[in-house]
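Structure first, then comments.
The figures that follow rest on heavy atoms only: side chains count, while hydrogens, waters and symmetry mates do not.
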Amino acid sequence: MKKNLSRRPLAVGVSALLLVGLGAGAGVAAARGGTPAPGTVEVALPLGETNPFIANGVGIGPGTAIYKSSGIGPSAANPDAAPGTPDAYVDLASFGGALPEGVTLTEAQGLNALAAIGENLAAQGLSFDDVVTMRVFLANEEGTETADFAGWNRAYRQYFANVDLETNEAVDVPMGTAAPAPPLFENPARPSRSALEVASLPVAGWLVEIEVDAVYPEQPFAKGEKH
């Protein structure tokens with residue numbers, strides 16, 4: 001699934017880049033350094049980068065309408081796997097019946113969980129490009145010492161931060177060990193994000209759980225209304 005987007009960089013400076021249009025309808029404050037105006041979002045990105053991974057932070061103006069999801073993990077999608085195992089939450093059908101070379105369980109579950117996030121957002125009239133903040137919780141795959149952050153980050157790039165902000169062109173991203181290819185969803189949005197390794201997640205077999213905050217496209221104060 002792809003979507004044509006219209007985000008315009010205001011400045012690519014030494015400290016940040018501000019984007020217009022996050023939330024598909026919410027603008028940004030005109031001047032950096034002050035409180036964002038009502039119904040606007042101000043995104044601070046790493047200095048001088050046209051394809052940054054995440055935002056340094058997001059300023060949300062007063063009165064901005066925001067949707068906050070619950071923690072969402074991958075859907076049970078593999079009836080051939082034992083219930084409560086990580087394999088049960090891998091959507092093999094989306095890969096043609098088998099995981100592509102190098103795709104890890106965390107990566108596959110991340111793709112599944114992000115698809116579930118997309119469904120959750122769509123039910124509210126929102127999409128991936130409306131997301132401004134994200135929190136990610138990762139559990140270790142069995143037999144590993146740390147969570148698979150690299151696999152998660154590959155999954156993330158399939159849905160977020162995969163459009164060059166200077167050229168407005170999609171950037172090829174890898175899946176597993178395959179050569180980079182067009183992303184599943186073209187999206188210039190860079191949410192502010194944290195990713196944490198946790199001892200366990202609430203559903204047996206989950207390796208990934210995600211929460212997002214998204215800005216509604218129609219903002220009650222975006223055109224300067226009083227509040």
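The minimum heavy-atom distance linking N78 with V90 is given by the pair CB-O, 3.4 Å. For the pair M175 and L184, the tightest heavy-atom approach, listed with the atom from each and the gap, is CE-CD1, 4.4 Å. Between A155 and G110, the shortest heavy-atom distance links the atoms CB-C, 4.0 Å. Between L201 and L207 the shortest heavy-atom distance is CD1-C, 3.5 Å. When all heavy atoms are compared, the tightest approach of G73 to A113 is C-CB, 3.8 Å. The heavy-atom pair separating G71 from E211 by the smallest distance is CA-CG, 3.6 Å.
Each of D130, V131, V58, T64 was checked for a side-chain contact (heavy atoms from CB on, under 4.5 Å) with V215, and the lone residue meeting it is T64.
Here the side chain of N140 pairs a donor or acceptor atom with the backbone of A147 at under 3.5 angstrom. In this structure a side-chain-to-backbone donor-acceptor pair under 3.5 Å is present from N112 to Y89. Remark: the backbone N or O of E169 is not paired with any side-chain donor or acceptor of D164 at under 3.5 angstrom. Side-chain atoms of Q219 come within 3.5 Å of backbone N or O of Y216 as a donor-acceptor pair. Within the 3.5 Å criterion, the main-chain N or O of E107 finds no donor-acceptor partner in the side chain of R154.
No continuous path of hydrophobic side-chain contacts links W206 to L105 [ILVMFWY only; heavy atoms under 4.5 Å]. A continuous path of hydrophobic side-chain contacts links V208 to I72 [ILVMFWY only; heavy atoms under 4.5 Å]. Both V43 and L165 sit in one connected hydrophobic cluster of ILVMFWY residues. Membership requires side-chain heavy atoms under 4.5 Å apart, directly or through other members. Linking ILVMFWY side-chain heavy atoms closer than 4.5 Å, directly or via other members, places V173 and I210 in two distinct hydrophobic clusters. The cluster map of Ile, Leu, Val, Met, Phe, Trp and Tyr, joined by side-chain heavy atoms under 4.5 Å apart, puts F128 and I54 in the same cluster.
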CA sep, side-chain torsions, deciding dist, call: T133, K68, side chain to side chain contact (heavy atoms under 4.5 Å, CB included): CA-CA 9 Å; T133 65; K68 302 176 75 70; 5.7 Å; no
Worked verdict on V212 versus Y67 for side chain to side chain contact (heavy atoms under 4.5 Å, CB included): CA-CA 8 Å; V212 298; Y67 174 73; 5.7 Å; no
Worked verdict on E197 versus D148 for side chain to side chain contact (heavy atoms under 4.5 Å, CB included): CA-CA 9 Å; E197 179 181 325; D148 180 14; over 6 Å; no
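For the 3.5 Å distance criterion, the side chains of R157 and N187 fail to qualify, holding no donor opposite an acceptor. Side-chain atoms of S69 and N120 include no donor-acceptor pair closer than 3.5 Å. Counted by atom type alone, T106 and E141 present one or more donor-acceptor pairs between their side chains at under 3.5 Å.
Rounding to the nearest 0.5 Å gives a distance of 9.5 Å between CG of L114 and CD of Q158. Residue S200 holds its OG atom at 12.0 Å from CZ of F137, rounded to the nearest 0.5 Å. Here the CD1-OG1 distance, from I60 to T35, works out to 13.0 Å after rounding to the nearest 0.5 Å. Here the CG atom belonging to L138 is positioned 10.5 Å from the CD atom belonging to E209, to the nearest 0.5 angstrom. Rounding to the nearest 0.5 Å gives a distance of 9.5 Å between CG of L121 and CG of D129.
A heavy-atom distance below 4.5 Å is found between the side chains of F53 and N153. Side-chain contact check for N162 versus F185: every heavy-atom pair is 4.5 Å or farther apart. Here the side chains of P46 and N56 are in contact, with some heavy-atom distance below 4.5 Å.
Ring-plane geometry between F160 and Y156 is classed as parallel, the angle between the planes falling under 30 degrees on a 0 to 90 degree scale with a further cut at 60.
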